[in-house]
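Below is one structure; the comments refer to it alone.
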Amino acid sequence: MRGLAARLDGRVIRKATLSRGDLRRVIPAGLAARLTGARVTSFRRRGKYILMRLDGGDSLLLHLGMSGRMAIRPSSAAHPGEKHEHLVIETEDGWRIGLIDPRRFGLLDLLPTVEEDAHSLLRGMGPEPLDAAFTPAVLGAALSGKRTPIKAALLDQHVVAGLGNIYVSEALFRAGISPRRLATSIPGARAERLVPAIKATLTEAVAAGGSSLRDYVQPDGELGYFQHAWKVYGRQGLACERCPGVPPCPGIRQMTQAGRSTFFCPRTQR
DNA sequence: CAAGAATCCTGTCAGC
DNA sequence: TGCTGACAGGATTCTT
């Protein structure tokens, strides 16, 4: 969102082009026409959704799904026909911002700005994990009585907003909590560890991922570097960094929970 | 009601 | 080189 705001906030959209009518759901008719000629007045993020406000009172709702990304280039640059570029926004000051989403799990919608919080996709969403209001007591209350593994509970956007499959594994490792543990056992001392672990994981990821969006300005920009900071995700079989040397770490394990990969250290996460 | 499975879609990679 | 199957950063809907 910060990368988009750097190029779009305060700018006038010269032209918006939609090349297909659906992503995860049908895109409202007239969305491109509404963007064209509008000035972008502010940005907001809620969970994994980005909201771009326009003068005139509407907001563009954007979700990148699993495979979506934004490509930012000067309008003057050559465009060797990116595949799966579903929406293109060109600004009056000469930038071209494209939404590229091969799997089309992403989402676009248009809604009145005053109704953002009432939107069906945002209503009922859990607290923002980086807000001061996201405390161990708040997380504990959301998990209390839930007889699902904590891994699955943290992926539920109604419990806490914005955590994905990678960050859940990373946060549980930092907190020393087994992904198999039932959510209802978290309130109390474990929530006291888990909340700061979630905040630290996301703060570091945003710092690293923000750089990737800036790099998108380059034609062959790198995707970012938080993947180099993963402590368990994708590291099955490797030693974790928290086990004492003797005896050595039994190795990071991978398993499937609710259809998603989970990575964890079987010794330090209990 | 809650939890797991199936589902949408395309690209990539391992194995043959 | 080419084919097949498994799997991928998400979230909703269907089953159990």
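Hydrogens, waters and symmetry mates play no part in the numbers below; they use all other heavy atoms, side chains included. The shown structure was predicted, so the numbers you read here are calculated from the model rather than taken from an experiment. In what follows, chains carry the letters A, B, and so on, assigned in the order in which the sequence lines appear, proteins first and then strands, with residues in each chain numbered from 1.
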- Going 5' to 3' along nucleotides 11-16 of chain C, which nucleotides have protein heavy atoms under 4.0 Å from the base (write B), which only from the sugar-phosphate (write S), and which from neither (write -)? SS----

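- Pair assignment for B/dC9 gives none, since no Watson-Crick or G-U wobble pairing has each distance under 3.5 Å.
- One atom, CD of A/Gln236, and another, C1' of B/dA14, lie 14 Å apart when rounded to the nearest Å.
- Between A/Arg147 and B/dA2, a side-chain N or O to OP1/OP2 separation shorter than 4.0 Å is absent.
- The structure places CD of A/Gln257 at 8.0 Å from OG of A/Ser169, a figure rounded to the nearest 0.5 Å.
- Between the CG atom of A/Leu23 and the C1' atom of B/dC9 there is a distance of 11 Å, given to the nearest Å.
- An OP1 or OP2 oxygen of B/dC1 is reached within less than 4.0 angstrom by no side-chain nitrogen or oxygen of A/Lys146.
- Of the charged side-chain nitrogens involved, at least one lies within less than 4.0 Å of a carboxylate oxygen, so that A/Glu90 and A/Arg14 count as a salt-bridged pair.
- Between the CD1 atom of A/Ile27 and the P atom of B/dC8 there is a distance of 19 Å, given to the nearest Å.
- Stacking of A/Arg242 on the aromatic ring of A/Phe173 is recorded, both the 6.0 Å distance cut-off and the 45° axial limit being met.
- A/Ser178 places no side-chain N or O within 3.5 Å of a backbone atom of A/Gln269 that could act as its donor or acceptor partner.
- Remark: A/Thr148 is in phosphate contact with B/dG4, judged by side-chain N or O atoms under 4.0 Å from OP1 or OP2.
- To the nearest angstrom, P of B/dA3 lies 15 Å from NZ of A/Lys151.
- The interatomic distance linking A/Asn165 (CG) with C/dC7 (C1') rounds to 12 Å, in whole Å.
- The base of B/dC9 is not paired with the side chain of A/Arg104 by any donor and acceptor separated by under 3.5 Å.
- Whole-Å rounding puts the A/Leu122 CG to C/dG10 P distance at 17 Å.
- B/dC9 sits 15 Å from C/dC14 when the P atoms are compared, rounded to a whole Å.
- Counting any heavy atom pair closer than 4.0 Å across all strands shown, A/Ser67 reaches no nucleic acid atom.
- Atoms CE (A/Met66) and C1' (B/dT7) sit 12 Å apart, rounded to a whole Å.
- Whole-Å rounding puts the A/Asp22 CG to B/dC9 P distance at 8 Å.
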- Does the pair A/Asp93 and A/Arg11 meet the rule for a salt bridge (charged side-chain N to carboxylate O under 4.0 Å, His left out), with working shown? CA-CA 7 Å; A/Asp93 64 344; A/Arg11 312 293 153 62; 3.5 Å; yes

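- Comparing the P positions of C/dA11 and B/dC1 gives a spacing of 23 Å, expressed to the nearest Å.
- Applying the 6.0 Å contact sphere to NZ of A/Lys199 captures more than 12 heavy atoms from other residues, nucleotides or ligands.
- In the hydrophobic cluster analysis, where Ile, Leu, Val, Met, Phe, Trp and Tyr join through side-chain heavy atoms closer than 4.5 angstrom, A/Trp230 is grouped together with A/Ile198.
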